[in-house]
Structure formats: structure tokens, C-alpha cells
Amino acid sequence: MHMLLVCSALLLSALSAFSAETISINRDDTALDLTKAISIFRDRGETFQVSTAPDSEGIVRTIEVQASNRETAGDWAVMVLANTTDQQIDRLIVAPHFRMAGSGLLWPDLGSDRIVAMTPSSGFSLDRLDNNDADIFSITLNPGSVVTLVAELSSPHLPQVYLWEESAYKEIENSYTFYRGIVLGISGLLALFLTILFVVRGTSTFPAAAALAWAVLAYITIDFGFIEQLIPLSNDDLRTWRALSEVAISATLALFLFTHLSLNRWNDSLHYGAIAWVIAIVLLSSIVLYDATIAAGIARLAMALTAAFGFALIIVLSLRGFDRAIMLIPAWALLMAWIFGGWMTVTGQVDNDIIQPALAGGLVLIVLLIGFTVMQHAFSGGTFQQNLFSNVELQALAVTGSGGIVWDWDVGRDRLTTTPDLGRKLGIGVGALQGPAKNWLKHIHSDDRDSFRTALDAVVEQRRGKINLDIRLMTQENHFTWYKIKARPVAGANGEVIRCIGTASDVSGQKRAEERLLHDAVHDNLTGLPNRELFFDRIRSVMALSAVDTEIRPTVFIVDLDRFKEINDNVGISAGDTLLITVARRLRRLLRPHDTLARIGGDVFGILLLSETDPTEIANLADQLKKTIKAPISFAEREFVITPSVGLATWAPSRVQGDDLFKDAELALHQAKRFGGDRVEPFRPAFRDTAGNEVQLVADLRRAIERSELTLAYQPIVKAATGHVSGFEALLRWNHPRRGEVSPSEFVPLAEKNGLISDLGRYALELAAMQLMDWDAIMADTPIFVSVNVSAQQVGQRDFVNMVDGILARYPVRNHTLRLEITETTLMQNPEQNCRVLENIKKSGIKLAIDDFGTGYSSLSYLTRFPFDTLKIDQSFMRSQPTNRDVMLRSIVDMAHSLNLDVVCEGVEDDEEVTLLRGLGVDYIQGFVAGAAMSSTDAAEIVIRQNPLIITDAAAE
């Protein structure tokens, strides 16, 4: 039985025998890495047996080692050393307590005691040397000896074991000590300097940079082992301190990024996210007390994520021109390189003795670059001094900024205030717009937020300029109100902007007026379609594109509604406007988005067709236009059928200008009208010959204006009560050298069509003013007025007011008055602008009359807005049925008198009508009964005959 037990023991011993790799040593080896030649045995209990390596005689023995510490018993390491020389060799076996290389990322090895004791298979026992950074054993190898060493491990990990020649080890340790001292000194001075900078300059960037520097200093002190020179610590304590230092670096790095880039200024998500991130990292310190390894792993991962997010954020802000981000690029690029090197080190891809101190030095260099970055701000700007301004100074600055609400931004504390509270005025809550500037963003229109941010950042970063912004702020009803912010920066002693002060003014009314004027300038007021100017601009643009793009081949349609004027005259302008709106809607439905429909005249529409280039499809569209317009239109229980005349011209190489294409379409339209209308006429070159007469007439009209060949005829306007002449309406007459009398109904439309109406209108005004001045010399005591009709194009001119003022200055009068007559159709084309023009005209002393009143529906709503003196009732009322006529006339006269307007009734033909109008209270009458148009000499004689005193005075002189 005893023999069986012995055999079993020998069998188990043979199974547990280990043949380790033998390391041969000679005297020239100063440092050998034994790590890969060591065999590790874990959980083997307090007693460990192993077979030795064969000695010089080839004998293999079995040795048994008893653990000296029950708490660490179970983990063993075996190595074999052979002295192949004939001399005795003394060496040191060194096992570092901590080594960054291969320590791991998520659950890193933070260091500990590695070897409790070492037992040789032969020779003297090994002496342990005192050292805080490593387990060091002294071993002597006899000549030709082979020694198997059994190491009792205090930790299951043995990251590195070196065999050092003693003098070489001391030399390398001295070199590292010198290097570590330099790095530690630089780190300490940098941390102290940034702390002093924080005391001098109290903004948030400097304490964050100082905190990062102190965290790096703490890490280096622990990594270099200097802390053990100050405080006796066990290896367990060192692990805790090492984890705390890594947590501190990660937290302060995130804090510095947050404060330096001012992430709390504009974006709440970044603001709260950064705060939560920093707090989460700081809370890791509590995990350190539970498990330092877990805390250190999370800290390392958090540092990598912070660096990556910071790099992306810096690139984005740099592209936007943020100076602080641009200056941080070098330091952050070095940090990214350091993170990459650290990752390769802790994962074991880089494994040497130099990498750990090199990474420590690189970390100090990163902090040094960060320090240089923040010092640029420290020496280039100043901080806000509390209570720098008195109330009087604030008021003075607000007056300089000009405005209603004082707008004050304290840049240093990032506090924006308005006095009185703008949030209360907008109804969004008291204090809603008080505090950080980012509080404004959620109340600003999304299209204006970037300009608001950019303006504030530009002033702060560039330290110059002014804030001049128009922004839309949301009210309680979710409407937007325009505010103009005008402010100027106030710089501190060193040039940094510390405050921006100015005003915020409500400019909503001005903006609405500008938008309306801008829209009305290029759109028709009735239909909302583009007007003639915008239509021509689009034609020119498309023609320019067609020269470089062969796929762009435009076609221009001009659509004229036949006998549309008869509808206005017989049914009223309100019916005509309704028909125009209906036709516009029908035409718009036939076109595609990239085609253009415009109203280019009273009853004329223009179409710029881009969606079709095939002649067949263009012809089909023309037929559809005709059929669509001819469909009956219902209005006031009546049906109207309108026929169109359509002229069209398509792109051709010979037409290089947009005007050419439009003129050819006009010629085609003219031919369609000549053939009786209700037809579509494509342009043909022969049409140009037909248009020659019209072109010649336009040239003759231009020449007649230049040579003063046109004259004025004067139609009397008499007082209804007395029958005496009070004034005249001036009517243009043209006696053509070859054609004789040319009707105004022929040459006035030509003037409007060919851009001569402004010159024609100026000519008529000058003749009328000149005649008034002549009458003023011979009939000074009899006030006479002369009315001149003004077209829509004249009123819409920018220099119309200046032109009228110039005429009045050249032809001054004392008692006589120049009066301008404007039709309601003219007024309604651009009411907002026309109202302003007429107000300026009225200031010049000119009387204003609204002509053809009652032929449309728009005048009633706008009558009180325009500064009129006289209302002229259209002659169509006198031709109406007596019953309806009397009621309507009475209503118009009563309304006009209640508005302090004189009333002139046109088209009065007999004494019976005069008696009726007198009874209704009409002030003046005009028509056959008052007299036909006459020359200026005849007009003067009539006035003189009804005022005999004029003759007496003239004879006395």
C-alpha cells in the first residue's frame, strides 16, 4: 500500500514537471528581458513542486517551495538561468510594480507588488533590495551553473521581468530620475503660472487650464514615483491615487474644452451635455473607492471620447471663423496624437521602456501649448470690472446708440438685459430676454439666428465694429415683430470687448411698408402677377441663358382681351377687375412652375413659355389659351364671354435680345387685332413692314414733343350755382404736319406703350403752368385753376415730385392754381406708393382731384387715405336711368362733402341737368352746357367778359 502511494506521488510529480526555457547569460549582457521566458502557474496552492532544468551533469531534480504568505499563495513563476562562462556573474532581477505598456484600456493593471520571494534550485538564496518602484532581487551565478528559480507571486500579473547588470541599472535609473525631474519641474511651474494667471485674470478659461495643469502634475508625480518620497503609500493606495489622477485629467480636459470654446453661449444641448459629461467623470472618483481599476478604465475611455468630440467641434468652429477654436488646433492635434500613442501603448502594440516617460513628457507639452493659447487671451484683452459704468454713463451710451429700448450685453458675464423689459412688451414673460445671449435664440426667427450669433461673435472676437441688426422676435401669439438692434462695443483697458450697449427699436411698420413697396414694384396690384418690368427682366435673363444652353428655347405670348374696355364702360370697373382676376387664374393653371405669367397692361397678359419647345405643343397650348379664356364667366347674375387676341413669337438665332422677341410678339398681336381679334397669330417677318406706320408715328410724336408742336385746349369748368367759369381742364392736341389732327386716343396709348408718356406728361404740365403764369399777369384778381390729367407711369416715376417742384419754380403764380387729375385706376395700381407721392405733391401747393369716380369699386376704400381736394363724377352717371341716377348722385355728393371735397360732375348737357345738380349740391359742372374745349385766348376772353373789373384795371394801367 505504501509503495502504491509513493508511485502515485511520483506520477503526479512527473505530470506537474515543467521544462522551462533556459536563458544563457554571459558577462557582456547588461540587460535581458526575461518576460517571455517565464512560465506562470496560477492557483497551485501554498505548496508548489516543479522539476528543475538539467544541470551541467544532466541531472534533473524536483524541488518543492512553501508559500510565505497565505493571502497571496497560489500563483507561481518559474525561470531558468544558465551561466555559460567560466566566471562568476552577479545580476539583478527586476520586476516593476507598474508598467503602462500592456496595462489594458477598460480594466487596466494599475500596479502592485509582483514577487514575494524567489527560491533557487541551487546556490545561495536571493537577497531582496529595497525599492518603491519594483521588486529587485540580487542573484549570483557560479561558472557553468544552471539555476531554476521559483518565484512566489503576490499578483497574478507579471508584466515585465528584467535581468540587469547592477551598474547599468543604476545608470539608467539615474538618467530616468534626471529626466523625470526636468519634466516634473516644468509641469509644476506651468501649473503654478496658470494658477497665478487665473488670479490675475478671473475669466473661466484660466481656472480650467490651471485645473488641467494641476491634474497632469498629480499624474506625473504618481507615475514618476515622487509621491512616495513625500507620503508613504502602499501599492493599493498607489492604485487608488493613480486612478484618481486619470479621472482628474479626463474631467479637467472636458472642463477646459467647455469653458474655452464658450459652449454655454449659444447651444443649450452642448451646454447641458458638457456639464453632465464633466459631472459624470467627476463622479468616477466615488467608483475609485470601490474599484480603482474600473474607474481608471472609464476615465481612459472618457478621455479618448472627449478628445475626439473636441477635435470635431474645433474643426467645425474653425471653419466658421471662431478664433479660439483656430488657436486651439495645434494643442488639440498633439493631444490626438498623444491619445493614439497611449492607446497603442496600453493595448501592448508599443512595448518598450521609453514609451511611458515619453508619454508623460508629451502630456506636459500638451498642457504647455494649452497654456500658450490661453495666455494669448490673457495678454490681448482685459476682463470686466464690476461697477465700471455709472447710470449717467449708461444713459449717455444709450443715447449714442439712439433708440427706444436700452440693449445692454455684459460680455464677461454673458448677461444680456433690456430696459424696459422687452420680454414683457412682447408678452413672452418677464425676464424671458434677460440673461445669457443664447436665451434670445429660441425667440428669434430661425432665419435670423445665424446673423444674430455671427454679429455678437464678430464684435467680441474682432474687438471692433458695431452691431446693426434687423431681427424678428416671436410674440406671445406666435407672430413675429421686427426689431432693429444698434449697439457699439466698449473695450477694456487691454482692448478686449467687455460690453455692448445700444438700443432695440420696433421697426415692424417700416418693414411691412418696405416689403409691400418691393412687392408692388414688380407685381400687379390686382392679380398679384409679375408686372411689365419683371416680365421684361425675365425675358432678358432667359435670352441670355439661351445663348449658352441649347435646351432653353423660350416662346413669348401676348394675350389681349378683345373689347374689354366696353365691359368697363358699360358694366363697371368692378366687373372688369373680376374678369381679369378670373382670366389670370385660368391662364396660371395652364402653365408649369418654370413658365411666367404676367400682366403687362390693363387687359394684356404676357406669357414666357419655357416648358415646351416643340412647335406642335406650342400651337396646342395657344389653342388651349384661347378656349380657356372664351369659357363663360359669371358675375352679378350675368355671364360674360371674352374673346382673346394672341400674338406669339418663338426663339430664333436672329433674336439675340429679349426686346426683339417681345416686339415680334407684339407685332403678331397687332395683326391678330387687325384681323378682327379672337385668333392666335404667330409672328411672321412680313409683320414688320405693317408696323412701320406705327413706328413712324412714334418717331413723329417724339419729334413733336421735342419741337413743342403739341398744344393745349381748355375745356371750361363752371360753378353750378352761378354758371361762372372757375377753371379749365387742359387737353392735349396734336396737329400732325401730314396727317392733320391726331386724336389723343391714338397718340396717348402710343406714348404709354413706347415710353414717351413721361415726356408727354411733363410737356403738358409745363404748358399749363406757363399759361397760368400768363393769365396771372392779366387776371391776377380772378383765381383760375387748370386741371391736367396725369398717367400711372408718371406718378410711378421716382423723380415725379421733383419734376413738379421744378415746374412750379420756373413758372410761379400768385392766385392761380395748378390741379392734377388722377384716375382711380391709376391709384389702384400701386396704392401705397401713390399715396406717398400725392402727399408730397400736396405739400407743393397743388390741388388734387380724383377723376372718373364711380367707375370702379376701389376708390371708396382708399378715398380717405389719399389727400384729394376734388372729386369728379364720371359722365356715365348722367347717362343712367333717372331713378337710379338721382339716388347715386345724392349719395356721392353727400359723402364727398362730409369729407370736405368739392364735387365736379362731368358730361352735363342741358339746363335741366344743371338744375338737378344744383339741387343735389354739386359744386362744379363740366360738359356741353359749360362749353367745349377752346384755345387759351378764347378761355381768357370768357373769364374777362364775366369779370368786367379786369378790363377797367387793365385800361387804368
**Q.** Under the side-chain contact (heavy atoms from CB on, under 4.5 Å) test, residues paired with Ala768 that sit two or more places apart
**A.** Leu712, Val786, Val788, Leu818

Q.
Considering only residues two or more places apart or on different chains, which pairs with a residue in residues 920-940 satisfy side-chain hydrogen bond (donor to acceptor under 3.5 Å, both in side chains)?
A. Gln715-Gln926, Glu729-Gln926, Gln771-Ser936, Lys872-Gln926, His897-Asp923, Ser935-Asp938

Q | Derivation and outcome, side chain to side chain donor-acceptor pair (under 3.5 Å), residues Asp560 and Ser645 | A | CA-CA 5 Å; Asp560 182 86; Ser645 296; 5.2 Å; no

Q: Could I get the full list of ring pair (Phe, Tyr, Trp, His ring centres under 6.0 Å) partners for Tyr714, not counting sequence neighbours?
A: Trp775

Q.
Just checking Glu741: does its CD atom have more than 12 heavy atoms from other residues, nucleotides or ligands closer to it than 6.0 angstrom?
A. yes

**Q.** Arg890 atom CZ: more than 12 heavy-atom contacts under 6.0 Å
**A.** no

Q | Pairs flagged by salt bridge (charged side-chain N to carboxylate O under 4.0 Å, His left out) wherever residues 695-705 is involved - sequence neighbours left out | A | Asp700-Arg703, Asp700-Arg738

Q) For atom CG of Asp911, is the number of surrounding heavy atoms from other residues, nucleotides or ligands below 6.0 Å larger than 12? A) no

Q: Could you tell me which residues satisfy salt bridge (charged side-chain N to carboxylate O under 4.0 Å, His left out) with Asp869, sequence neighbours excluded, listed by chain and number?
A: Lys842

Q: Measure across Leu580 and Asp603 and return the closest heavy-atom pair with its distance rounded to 0.1 Å.
A: CD2-CA, 4.1 Å

Q: Applying salt bridge (charged side-chain N to carboxylate O under 4.0 Å, His left out), name anything that partners Asp506, two or more places apart in sequence or on another chain.
A: none

Q) Roughly how far apart are Leu534 CG and Arg538 CZ, rounded to 0.5 Å? A) 4.5 Å

